[in-house]
Engineer: 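To start, I am sharing the structure in question, which I have written as structure tokens.
Worth saying up front: this structure is predicted, and the values here are computed from it rather than measured. In this chain, numbering begins with 1 at the start of the sequence shown. We use all heavy atoms of the structure for the numbers below, so side chains are in, but hydrogens, waters and symmetry mates are not.
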Amino acid sequence: MSKDRGLLYFFWLITAVLLVRFVPKDKIRHAILVMFFKQFITWFLGLWVVEKGLIKYPVRFMRKSNKSSFTFEYFIYPSFCAIFNLNYPEKRHKLIQFFYYLFHVGIITGGEVLAERYTNLIKYVKWKWYYSFVSLGITNFTSRLFYKWFYKNEFENSEADR
């Protein structure tokens with residue numbers, strides 16, 4: 001097994017541990033919904049970016065199914081998005097919410113930049129780190145809107161409780 005393939009397994013393990021740690025048992029349904037929504041977005045955008053030759057994933061699982069990274073597009077990004085949404089500081093100051101966005105998007109972008117620089121898991125062809133930062137910010141924002149819309153009754157009830 002190559003070092004890069006071992007890293008893929010390691011990333012799966014770490015992401016699974018983070019899901020267990022940061023997704024409350026009573027919110028598993030919520031996490032699955034957010035993950036499916038994010039997977040829908042990343043399926044379209046991830047394939048488009050790869051097919052346009054902007055990014056390459058030289059080492060990946062399911063090489064014969066498509067050219068995008070199953071690990072990043074369908075597990076890591078959606079998992080982090082679920083953690084992002086379920087732990088969002090809803091009742092905190094707008095500035096804290098803004099920094100929460102920056103933190104989450106920054107963590108994923110930073111990890112992607114490190115993977116691009118030091119591994120063969122991802123290679124930027126005509127891509128820059130800030131494209132990832134902006135696209136992740138937009139997709140997290142979109143997922144947040146969807147999540148609040150889908151569970152609007154629960155959000156309205158929690159507002160009434162205040």
Engineer: With sequence neighbours excluded, tell me which residues meet salt bridge (charged side-chain N to carboxylate O under 4.0 Å, His left out) with Arg60.
Structural biologist: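 Testing Arg60 for salt bridge (charged side-chain N to carboxylate O under 4.0 Å, His left out), a comparison that skips the adjacent residues, returns none.
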
Engineer: Side chain to side chain contact (heavy atoms under 4.5 Å, CB included) with Phe70: which residues, sequence neighbours excluded?
Structural biologist: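 In terms of side chain to side chain contact (heavy atoms under 4.5 Å, CB included), with neighbours along the sequence ignored, Phe70 is linked to Trp12, Met62, Tyr74.
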
Engineer: Sequence neighbours left out, cut at 3.5 Å: what donor-acceptor pairs do the side chains of residues 48-59 make with other protein atoms?
Structural biologist:
unit_1 : atom_1 : unit_2 : atom_2 : d
Tyr57  : OH     : Glu73  : OE2    : 2.9

Engineer: Please list, one pair per line, the donor and acceptor atoms closer than 3.5 Å that link side chains of residues 18-34 to other protein atoms, with sequence neighbours excluded.
Structural biologist:
unit_1 : atom_1 : unit_2 : atom_2 : d
His30  : ND1    : Tyr147 : OH     : 2.8
His30  : NE2    : Glu154 : OE1    : 3.4

Engineer: Remaining members of Tyr118's ILVMFWY cluster at a side-chain heavy-atom cut-off under 4.5 Å?
Structural biologist: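 Same cluster as Tyr118: Leu114.
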
Engineer: Applying side chain to side chain contact (heavy atoms under 4.5 Å, CB included), name anything that partners Arg117, two or more places apart in sequence or on another chain.
Structural biologist: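 Checked Arg117 against side chain to side chain contact (heavy atoms under 4.5 Å, CB included); matches are Val113.
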
Engineer: Output yes when a side-chain donor or acceptor of Glu112 lies under 3.5 Å from a complementary backbone atom of Trp129, and no otherwise.
Structural biologist: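 No, because the side chain of Glu112 does not come within donor-acceptor range (under 3.5 Å) of the backbone of Trp129.
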
Engineer: Sequence neighbours excluded, which residues qualify as side-chain hydrogen bond (donor to acceptor under 3.5 Å, both in side chains) partners of Ser69?
Structural biologist: none

Engineer: Holding to ring-ring contact (aromatic ring centres under 6.0 Å, His included), I want the full list of residues that pass it with Tyr101, two or more places apart in sequence or in another chain.
Structural biologist: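 For Tyr101, the residues satisfying ring-ring contact (aromatic ring centres under 6.0 Å, His included) (neighbours in sequence not counted) are Phe84, Tyr88.
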
Engineer: Using a 4.5 Å cut-off on heavy atoms from C-beta on, say whether the side chain of Phe133 contacts that of Ile108.
Structural biologist: no

Engineer: Listed by chain and number, what are the side-chain hydrogen bond (donor to acceptor under 3.5 Å, both in side chains) partners of Asn140, not counting sequence neighbours?
Structural biologist: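 Result, side-chain hydrogen bond (donor to acceptor under 3.5 Å, both in side chains) vs Asn140: Lys38.
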
Engineer: Could I get the full list of side chain to side chain contact (heavy atoms under 4.5 Å, CB included) partners for Leu145, not counting sequence neighbours?
Structural biologist: Phe141

Engineer: Remaining members of Ile138's ILVMFWY cluster at a side-chain heavy-atom cut-off under 4.5 Å?
Structural biologist: Val134

Engineer: Who passes side chain to side chain contact (heavy atoms under 4.5 Å, CB included) against Glu116, sequence neighbours left out?
Structural biologist: Ile122, Lys123, Tyr124

Engineer: So Trp127 and Tyr131, would you call those rings parallel, tilted or perpendicular, with 30° and 60° as cut-offs?
Structural biologist: perpendicular

